[in-house]
There are 2 protein chains.
Amino acid sequence: MLAARKSSERIATKLLRDSGRTRERLLQAASREIYRSGFQSASLDTILAIAKVTKGALYYHFKSKEELGYTVVEEVIAPNVRGKWVRPLQSGKDPIDALIGAVQRIPVRPVDVRGGCQLNNLSQEMSPLDAGFRKRLAIIFDAWREAVASVLREGQTHGSVRRDVEPAEAAGLLIAMVEGYGSLAKNAQDPKVMKAGIRNIVDWLRSLRAPGNRRRG
Amino acid sequence: MLAARKSSERIATKLLRDSGRTRERLLQAASREIYRSGFQSASLDTILAIAKVTKGALYYHFKSKEELGYTVVEEVIAPNVRGKWVRPLQSGKDPIDALIGAVQRIPVRPVDVRGGCQLNNLSQEMSPLDAGFRKRLAIIFDAWREAVASVLREGQTHGSVRRDVEPAEAAGLLIAMVEGYGSLAKNAQDPKVMKAGIRNIVDWLRSLRAPGNRRRG
DNA sequence: CTGCCAACATACCGACCAGTATGTACGTTA
DNA sequence: TAACGTACATACTGGTCGGTATGTTGGCAG
């Protein structure tokens with residue numbers, strides 16, 4: 001108990017002195033700069049300028065640029081994907097409706113479309129070059145696919161999703177479509193491409209509904 | 001006539017001295033190194049080492065790294081895409097068969113899958129950062145989509161493709177699927193992902209066939 | 001034989017890169 | 001209050017980058 005009190009005081013003090021945010025500011029700045037220009041081309045000096053942090057602070061919290069990148073994957077990108085593609089599917093709603101909702105919530109502002117998908121960008125760049133990135137990014141992709149497959153399986157047991165749909169295959173196809181249209185839209189630098197893609201994906205999702213289970217349109 | 005003879009002699013001499021290949025070797029080496037590590041991270045010194053050419057020769061033929069990259073797009077990547085996705089569709093075969101053939105000819109060797117798509121790789125990296133790349137790459141994507149849309153339209157007039165298919169939309173979806181699965185496979189570094197994707201794309205292509213026009217399977 | 005130019009080759013440059021060595025302010029502990 | 005460790009800040013390093021300035025070679029015209 002005394003030890004516990006000491007420990008909590010210690011943490012409180014740390015948070016006070018640190019403002020509790022140097023590490024977090026570094027991760028956010030790194031995430032943004034990596035998103036903008038890729039991991040390899042992201043300059044530490046640029047990241048430090050964005051975060052308004054010095055090199056000493058960076059290398060106090062992370063032992064290398066690589067480790068900073070890994071931490072961005074684990075503490076920024078992974079939670080983002082979970083928040084958009086895992087938790088919303090566990091809402092208990094109709095599976096197809098939940099999936100359509102997630103697809104329709106894909107950002108289509110010009111700035112988002114032009115930048116592409118955080119997860120896919122980094123994965124495309126680093127998966128072939130660095131096993132540490134590949135492993136961490138693969139975990140995110142797997143969780144994404146499993147969340148989609150899981151909600152489809154659940155829909156099949158409740159009769160709202162066609163039985164002839166193979167959940168794992170359909171989940172892979174959904175993700176391929178999302179990333180594929182994301183790529184095309186980024187390449188074209190045009191939100192219209194993404195909007196058209198979302199319509200096509202939604203149409204396809206509707207085709208997965210079991211007959212006699214059609215809801216709204 | 002005398003001028004013409006002089007000129008051809010001159011070219012022959014040039015080719016002899018040059019071995020006719022310094023520029024070509026540079027383009028091939030640049031293409032490979034850009035494919036491997038991206039344009040920004042591709043080092044000129046590495047490209048020169050691969051091509052066995054010196055910096056003087058490089059800057060005699062190209063005025064900057066940027067121009068070298070642009071030329072790779074125009075003289076290496078564009079012909080590759082034309083050879084795989086434009087010419088094969090103009091063969092006069094059944095449109096759906098031609099499309100299925102093109103999809104099934106997508107390379108699935110580990111080395112190809114791990115490296116991803118030349119066109120998409122470069123486009124993902126450079127389209128948001130450089131208008132020169134974006135313009136040149138967009139031309140290739142447009143030609144690809146137009147070739148697919150064109151063969152679908154042709155199929156509709158001949159009755160082999162469903163009339164309710166919107167050729168431009170379907171072409172976009174095909175490309176999104178191809179690039180999407182290519183991305184997933186590259187991310188996973190696993191040819192099985194690409195093979196599964198090809199099966200799904202082929203199944204989808206078959207669904208575009210007009211009823212009563214089913215050929216083999 | 002001579003001057004000339006295309007087609008390189010070599011040596012070098014300042015800028016920037018990731019990373020490090022060292023200094024320091026400040027809250028805590030004894 | 002003195003020693004100490006945390007959480008940085010500053011200044012610097014060797015290496016690599018794209019790009020350039022200058023040298024060299026060899027065929028060919030005059």
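Keep in mind that this is a model prediction, so the values were computed, not measured. Computed from heavy atoms alone, side chains included, the values below leave out hydrogens, waters and symmetry copies. Below, read A as the first sequence line, B as the second, and so on, with proteins coming before strands; counting in each chain starts at 1.
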(message) Just the rounded figure in Å: distance from C1' of dT10(D) to CG of D45(A).
(response) 13 Å
(message) So, under a plain 3.5 Å distance rule, would you say the side chain of K65(B) forms a donor-acceptor pair with the base of dG19(D)?
(response) no
(message) If you only use heavy atoms from C-beta on, which nucleotide in dC8(C), dA9(D), dG19(C) is closest to the side chain of T22(B)?
(response) dC8(C)
(request) Could you check Q189(A) against S127(B) for side chain to side chain donor-acceptor pair (under 3.5 Å), going step by step and ending with a plain yes or no? (result) CA-CA 7 Å; Q189(A) 297 280 291; S127(B) 278; 5.7 Å; no
(message) Under a plain distance cut-off of 3.5 Å, with no hydrogens placed, do K186(B) and N121(B) share a side-chain donor-acceptor pair?
(response) yes
(request) Kindly point out which of dT20(C), dT6(D), dA9(D) is positioned nearest to the side chain of Y60(A)? (result) dT6(D)
(message) Expressed as a whole number of angstroms, how long is the span from I47(B):CD1 to dG19(D):P?
(response) 11 Å
(message) Can you identify which nucleotide, out of dT10(C), dT20(C), dC8(D), has its nearest atom closest to the T54(A) side chain?
(response) dC8(D)
(request) Grab the CG-C1' distance between L44(B) and dA11(C) for me, whole Å please. (result) 17 Å
(request) May I ask you to verify if any side-chain N or O of S43(A) is less than 4.0 angstrom from the OP1 or OP2 atom of dC17(C)? (result) yes
(request) Figure out the CG/C1' separation between L48(B) and dG19(D), and round it to whole Å. (result) 12 Å
(request) Measure from CZ on R23(B) to P on dC8(C) and round the result to the nearest Å. (result) 12 Å
(message) If I take atom NZ in residue K55(A) and atom P in nucleotide dA18(C), what distance separates them, rounded to the nearest angstrom?
(response) 7 Å
(request) Please report, rounded to the nearest Å, how far the C1' atom of dC16(C) is from the CD atom of Q40(B). (result) 14 Å
(request) May I ask you to decide if the ring planes of Y70(B) and F133(B) are parallel, tilted or perpendicular, using 30° and 60° as cut-offs? (result) perpendicular
(request) For the pair E169(A) and R145(A), find out whether any cationic side-chain nitrogen is under 4.0 Å from an anionic carboxylate oxygen. (result) no
(message) Less than 4.0 angstrom from a charged side-chain N to a carboxylate O is my criterion; do R114(B) and D190(B) meet it?
(response) no
(request) Looking only at side-chain atoms of Y59(B), point me to the closest of dT20(D), dT10(D), dA9(D). (result) dT20(D)
(message) Does a side-chain N or O of H61(A) approach OP1 or OP2 of dC8(D) to a distance below 4.0 Å, or not?
(response) yes
(request) To the nearest Å, give me how far apart CG (L26(A)) and C1' (dC8(D)) are. (result) 11 Å
